[in-house]
Peer 1: 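Next up is a structure, given as structure tokens.
The chain is numbered in sequence order, starting from 1.
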Amino acid sequence: MGSALLVLLLAQARASIRFSKTLTSHAVLQRAPSPALLWGWTEPGATVTLRVDGAVAGAAVADASGAWEVAVLGDPGPPVNISASAAGAEAALDDVLFGDVWLCAGQSNMGVAVEYLDGLVDWNGTVNNGTAEAELWSEYPLVRLARQATASNATPVDDPAASAGWRAPTYAGVNSFSANQVGGTAVERWSSSDARKPCTAYAKTPLATCGGGGGWLDDYAEDVPSAASDDVAVGFPSVESDLYNGMIHPWRKYRATGAIWYQGESNVACNDRWAYKPGNNCGLNASACADFYACQFPAMIADWRAKFNNPDLTFLFVQLPPYVENLPSTASSGAVDDSLPLTRLAQAAALALPRTAMATAVDHGDLAAPLGSIHPRDKVVVAERLVAAALGAVPPSGGPTVAGVARDGDKLVVNFENVRGVLTVRGYGGAAPFNACPVDETQAPNVEPRAAVPRTQCASFEVFAGGAWRNVTRVAAANATAVALAGVPATASRLRYLHADWPVPIVYDSAGDILTGRYFHNVRVSDFRGAGCMHVDSRNPKFYAEWHVATHFRDLGYSVGYFGKHLNTDNPLAAPPGVDRWVANGGGTYLDPSFAVDGVEVAFDDCAGRPCYSTSIIGNKTVDWLRGDFGKPFVAVAAVKAPHVEDGPGWPVAVPAPWYNSSALFAGEKPPRTPNWNASCPDHHWLVASQPPMTREQAHRSDELFRARLRSLLSVDDLVAGVVDALEASQRLDDTFVVFTSDHGFRFGQFRMPEGKWNAYENDLRVPFWIRGPGVKPGGVLTFPATHVDLAPTLLGFAGARATPATMDGLDLSAAILGKETADRATLLLEYVGAGTVVRYEHAEDATNNTFRALRILDGTRDLKYVEFTSSQQNWNWTAPADEHELFDLAADPYEMTNLYATAAPELKRELRGEVERRYRCRGPAECG
């Protein structure tokens, strides 16, 4: 036998390392300034080195379980490759982007894949517009998709069982994509055990022990594992929190911009987790179900924010559409189950939380949807409303909402808020009679029951009279933001709107001091309780007929063109009296804005193949009008959004025109570091006294905003140049007064607030006022005090008015500007109504009790500012004493660092209180001038 050689080779064991299964190649990580977290597992105690494109980006030591995590900052740009290495082992992520991450979850409406659209697979036409969307996949190379596999777990898991599988868009990938969803699931299954604790009082009999037909969910319940013992101790059924545990908890370290939620159907009658169904004997009614949702849904949002360690996580959600599956089988005999409208109200309760917005679908029912009306096909309108909410461009509810009701004889006048443009009233589909059902069984008695909606379930407006709710069918528009209900019984005591399973929304919307020369207290709405902010009473018939400056120019024989921002809300669609050319909105968006153009709502969304820019549209429309031949004198107003901040998720900024949106422009520019920059002032109003110091990141973002505003003003420069060139080309420049001003100042870090405009300090109050024209001395500087209420009477003075109109409060300063006389004024009144809690750049910047009235005194010997503060909700008309006071000597303390009120002489305090009260009550030029 020959010799044999046995060779044993013991290889050195190598450490292993991996990323979390939520992190794969093609992923998107949250962009700076939020740090993106990368995490995973390796050998306990191993040092993990993280590299981005080969460069070390951070390191960490794995804990006793082998878990490690490293935070990195990244800006949007080309894809990067990321690797993590430990003890010779390496894991890699390729083609990774930094951008905005959104977590989407909910029930089956959130989960219909694109391939179900327009007949791409068997579920023909489940959602509209599918083919068109799928074919656009190649236009969005920077959109990445990841879908977490359905996972039901009894306890929270740190890593999902299956990879999320981030992928770049392909035709096939887009077709099969949907969000994280599990059909037929209730909100409590998506809520952690911590989130459920505030709502334990609503727990009812579990399905398994409820008599009287509890088996209708037995098959479904058997497929769900039991929960941990601490979950059932409070009386909840066994499947609570399982989807949170398996599908949300593993993502808690993933930094995200926000979440989008479409769910609630299974909570309409608590019918997923509690054995309640119309007609059974389990003792739970529709109101109890809605009360539970009103508790659990906001609790879930707050808990997600806590678990994701992101209190600013934006949360967008869809208000449920109408669907006949909810109607009880006895509906045709008159029975009404109002669990669906009550659940809609419960959903809306979440709007009380900050950084939430609701996209309503109540006006987009779909009776003929292939998968039942519970799955309406028109997802496009819902998506548009969610996108608009994410960009901060629409009111929170996504449409008009009732603000109040008043009786007018035999009519009720219902006022709406969140109105863009003008309210219109119409029936279902724009043609059917008011409050008609889409398919009414009273009109089509032979149709299949689930294809018809009883008339009792289609009410729009209802009043409670004679012990019952009664439908109101005589509805007409009353004005731009109100409707009138006729034929209302005198005994009616309550009103409700859209409180039905299939309501027919018949109310829709269509897509100043400077203007009136009146102090704000003489042009405001009559009561700010529940409103806040600077709302003028534009619904008053006198606003346009007598107060608006355009009517006075009309009476002087002028042609008036108005271009750009008018009022924040309630702007008419058609030109108001005295205006010949009307291109106006409430500020709108910087990109692809809409304007009311002489009675028609026009969306500007295609400008030579690139986004339309608001300032450029306003400038172009102004210049086009100025090139005309009026045959009489003219007034043109161009009011732009720039450089306003545009709200939205993250760090709100001004938006430059695309052609000026380059970081190379104004690189390195910073706002002045004045002595009150990031300064602590404990003797000031509480909003300032309580400010924490700005962090380095907040100061950096404030500087970035400053540069973005400068870039946005380049388009304003273009507008001014275009106007001057047009006037020069028509040989009218030398005969025209050109005025440049603004509506408010701005701050960048003063008093520790990174940005804002809402306070009684010089940064917020001072505005530019430049004028050129015939008789105006070039290079001159006029030092007398003036304010916005003086602008309208001064312009009318230039136009030849013999006297300031009695409707105005300001002074005509035209003669003083032309050097013909000296202005006679020693004090100015300043007013502001707090808008409510405003938090930007992680600092509180406004509050309802930041409402103030102030005096600016420049009488030749004194340069003072005196401020009184109150609450717009408790003391909106200043009938009670002020809550706080400030007094500054601006000659000695120009940056308002020291509040002198506590040590001021009693006689000075009496003088200031008396003068501010007199000014606040003044009316007309004789009293106010």
Peer 1: Using residues 78-85 as the side-chain source, report each donor-acceptor pair under 3.5 Å to any protein atom, sequence neighbours left out, with the distance given to one decimal.
Peer 2:
unit_1: Asn81; atom_1: OD1; unit_2: Asp95; atom_2: N; d: 3.1
unit_1: Ser85; atom_1: OG; unit_2: Arg51; atom_2: NH1; d: 3.3

Peer 1: I'd like to check the side-chain hydrogen bond (donor to acceptor under 3.5 Å, both in side chains) partners of Ser871; sequence neighbours left out, ordered by chain and number.
Peer 2: Gln874

Peer 1: If you count heavy atoms of other groups shown closer than 6.0 angstrom to CZ of Arg766, is the number above 12?
Peer 2: no

Peer 1: According to the interplanar angle, ranging from 0 to 90°, do the rings of Tyr832 and Phe852 count as parallel (below 30°), tilted (30 to 60°) or perpendicular (above 60°)?
Peer 2: tilted

Peer 1: Check whether Lys865 reaches the backbone of Ala760 with its side chain - one donor and one acceptor, N or O, closer than 3.5 Å.
Peer 2: yes

Peer 1: For the aromatic rings, using the six-membered ring if either is Trp, is the centroid distance between His684 and Phe888 under 6.0 Å?
Peer 2: yes

Peer 1: Between Gln691 and Met753 (side chain of the first, backbone of the second, donor and acceptor by atom type, cut-off under 3.5 Å), is there such a pair?
Peer 2: no

Peer 1: Would you check, one step at a time, whether the test side-chain hydrogen bond (donor to acceptor under 3.5 Å, both in side chains) holds for Asn310 with Arg255?
Peer 2: CA-CA 8 Å; Asn310 183 3; Arg255 297 294 180 259; over 6 Å; no

Peer 1: With a 6.0 Å cut-off on ring centres, are Phe595 and Phe604 close enough?
Peer 2: yes

Peer 1: Output, in order, the C-alpha distance, side-chain angles, deciding distance and verdict of side-chain hydrogen bond (donor to acceptor under 3.5 Å, both in side chains) for Thr257 and Gln30.
Peer 2: CA-CA 7 Å; Thr257 295; Gln30 185 61 37; 2.9 Å; yes

Peer 1: For the pair Thr314 and Arg355, evaluate side-chain hydrogen bond (donor to acceptor under 3.5 Å, both in side chains) and give the outcome as yes or no after the intermediate values.
Peer 2: CA-CA 5 Å; Thr314 298; Arg355 300 189 71 80; 3.2 Å; yes

Peer 1: Test His843 against Gln698 for side-chain hydrogen bond (donor to acceptor under 3.5 Å, both in side chains), laying out the working first.
Peer 2: CA-CA 9 Å; His843 281 247; Gln698 292 162 357; 2.8 Å; yes

Peer 1: Check for me whether the distance between the ring centres of Phe297 and Trp190 falls short of 6.0 Å.
Peer 2: no

Peer 1: Should the pair Arg709 and Phe746 be classed as cation-pi, given the thresholds of under 6.0 Å to the six-membered ring centre and 45° from the axis?
Peer 2: yes

Peer 1: Do side-chain atoms of Arg305 reach the backbone of Leu313 as a donor and acceptor pair under 3.5 angstrom?
Peer 2: yes

Peer 1: Hey, does the side chain of Asn678 reach the backbone of Arg752 with a donor-acceptor pair shorter than 3.5 angstrom?
Peer 2: no

Peer 1: Please check if atom NZ in Lys670 has more than 12 non-hydrogen atoms from other residues, nucleotides or ligands closer than 6.0 Å.
Peer 2: no

Peer 1: Can you tell me if Ser742 uses its side chain to pair, donor with acceptor, with the backbone of Val767 under 3.5 Å?
Peer 2: no

Peer 1: Tell me if the OH atom of Tyr895 is crowded by more than 12 foreign heavy atoms within 6.0 Å.
Peer 2: no

Peer 1: Kindly say whether the aromatic ring centers of His644 and His744 come within a distance under 6.0 Å.
Peer 2: yes

Peer 1: Students often mix this up, so state it plainly: with edges at 30° and 60°, are the rings of Phe751 and Tyr761 parallel, tilted or perpendicular?
Peer 2: tilted

Peer 1: Is the backbone N or O of Leu710 less than 3.5 Å from a side-chain atom of Tyr660, with the two atoms forming a donor-acceptor pair by type?
Peer 2: no

Peer 1: Can you confirm whether or not the ring centre of Trp261 sits under 6.0 Å from the ring centre of Trp304?
Peer 2: yes

